[in-house]
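All remarks here apply to the structure that follows.
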Amino acid sequence: QVQLVESGGGLVQPGGSLRLSCAASGSIRSINDMAWYRQAPGKQRELVAVISSKSNINYADFVKGRFTISRDNAKNTVYLQMNSLKPEDTAVYYCYAELYNSWGFLQLRWGQGTQVTVSS
């Protein structure tokens, strides 16, 4: 069974920074795309950033220039460095991965979510 475990959320003041991490573990053969989504109260889940296995990256317009996604393939881990945080960035942030397990089956996995709160 493959699991995604996130860490790094918390409370930060406007203008501050946080770094989220998400590690995939279990019977993994390879990982294609890894991504971060977020969901604010009363809103739909939205894509924040996605990174392919070859490190091709796309960002949502609302985080361009402030957030940076990266990954360590050796550790099956994806990161999200968040700078210049705004109150509207407050949300539960979810990690997502598209991967092949050891038996060659494609799986789509979500993390449990980590709360990010931006407030003074």
Side-chain angles (χ1 to χ4, degrees):
Q1 183 72 318
V2 176
Q3 289 186 321
L4 302 182
V5 178
E6 299 139 344
S7 60
L11 173 65
V12 64
Q13 292 186 342
S17 298
L18 282 175
R19 189 189 193 212
L20 306 182
S21 299
C22 172
S25 63
S27 301
I28 299 170
R29 175 178 294 181
S30 64
I31 303 178
N32 294 342
D33 290 351
M34 300 187 82
W36 290 96
Y37 286 75
R38 71 184 187 185
Q39 187 168 17
K43 294 188 176 182
Q44 290 187 332
R45 191 172 298 189
E46 59 185 358
L47 177 66
V48 175
V50 58
I51 183 168
S52 73
S53 58
K54 296 184 178 181
S55 294
N56 295 314
I57 293 171
N58 281 293
Y59 294 103
D61 286 344
F62 54 77
V63 301
K64 283 182 180 178
R66 299 190 299 125
F67 291 9
T68 302
I69 190 171
S70 60
R71 65 190 281 174
D72 184 334
N73 291 329
K75 296 181 179 180
N76 290 335
T77 299
V78 63
Y79 305 96
L80 186 68
Q81 178 66 44
M82 304 185 294
N83 299 328
S84 302
L85 282 161
K86 306 174 182 180
E88 51 263 44
D89 293 318
T90 295
V92 178
Y93 284 71
Y94 295 92
C95 174
Y96 167 86
E98 178 184 289
L99 57 92
Y100 287 92
N101 65 14
S102 298
W103 294 270
F105 291 106
L106 180 65
Q107 294 189 334
L108 309 180
R109 285 286 180 263
W110 291 92
Q112 80 282 3
T114 185
Q115 177 69 46
V116 171
T117 302
V118 185
S119 175
S120 56

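Worth knowing before you read on, the calculation uses all heavy atoms, side chains too, and leaves out hydrogens, waters and symmetry mates.
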Looking only at heavy atoms, the pair that brings Gly111 and Glu6 closest together is CA-OE2, 3.3 Å

Over all heavy atoms of both residues, which pair between Gly113 and Val92 is shortest? Give the atoms and the distance, please. CA-CG1, 3.8 Å

How many angstroms lie between SG in Cys22 and CD in Gln112, if you round to the nearest 0.5 Å? 8.0 Å

Option passing side chain to side chain contact (heavy atoms under 4.5 Å, CB included) with Asn101 (candidates Arg109, Arg29, Gln107): Gln107

Members sharing Met34's hydrophobic cluster (side chains within less than 4.5 Å): Val2, Val12, Leu18, Leu20, Ile28, Ile31, Trp36, Val48, Ile51, Ile57, Tyr59, Phe62, Val63, Phe67, Ile69, Val78, Leu80, Met82, Leu85, Tyr93, Leu99, Val116, Val118

Gap between atom CD of Gln81 and atom OG of Ser21 - 0.5 Å precision: 9.5 Å

Taking C-beta and beyond as the side chain, do Leu11 and Ser119 meet within less than 4.5 Å on heavy atoms? yes

Residue Gln39 excluded, over 12 heavy atoms near CD under 6.0 Å: yes

Regarding Asn32 and Ser53, do their side chains bring together a donor and an acceptor under 3.5 Å, going by distance alone? no

Apply side chain to side chain contact (heavy atoms under 4.5 Å, CB included) to the pair Tyr79 and Asp72, showing each step before the final yes or no. CA-CA 8 Å; Tyr79 305 96; Asp72 184 334; 4.1 Å; yes

Which heavy atom of Ser27 sits nearest a heavy atom of Trp103, and at what distance? CB-CZ3, 3.8 Å

Ser84: partners by side chain to side chain contact (heavy atoms under 4.5 Å, CB included), with sequence neighbours left out: Arg66

Do Tyr96 and Leu4 come close enough that some side-chain heavy atom pair is under 4.5 Å? no

Verify the neighbour count for atom CD of Gln44: are there more than 12 heavy atoms of other residues, nucleotides or ligands below 6.0 Å? no

For the backbone of Ser52 and the side chain of Arg71, can you confirm whether one donor and one acceptor N or O come within less than 3.5 Å of each other? yes

In Å, rounded to the nearest 0.5 Å, how long is the span from NZ of Lys54 to CG of Asn73? 11.5 Å

Less than 4.0 angstrom from a charged side-chain N to a carboxylate O is my criterion; do Lys86 and Asp89 meet it? no

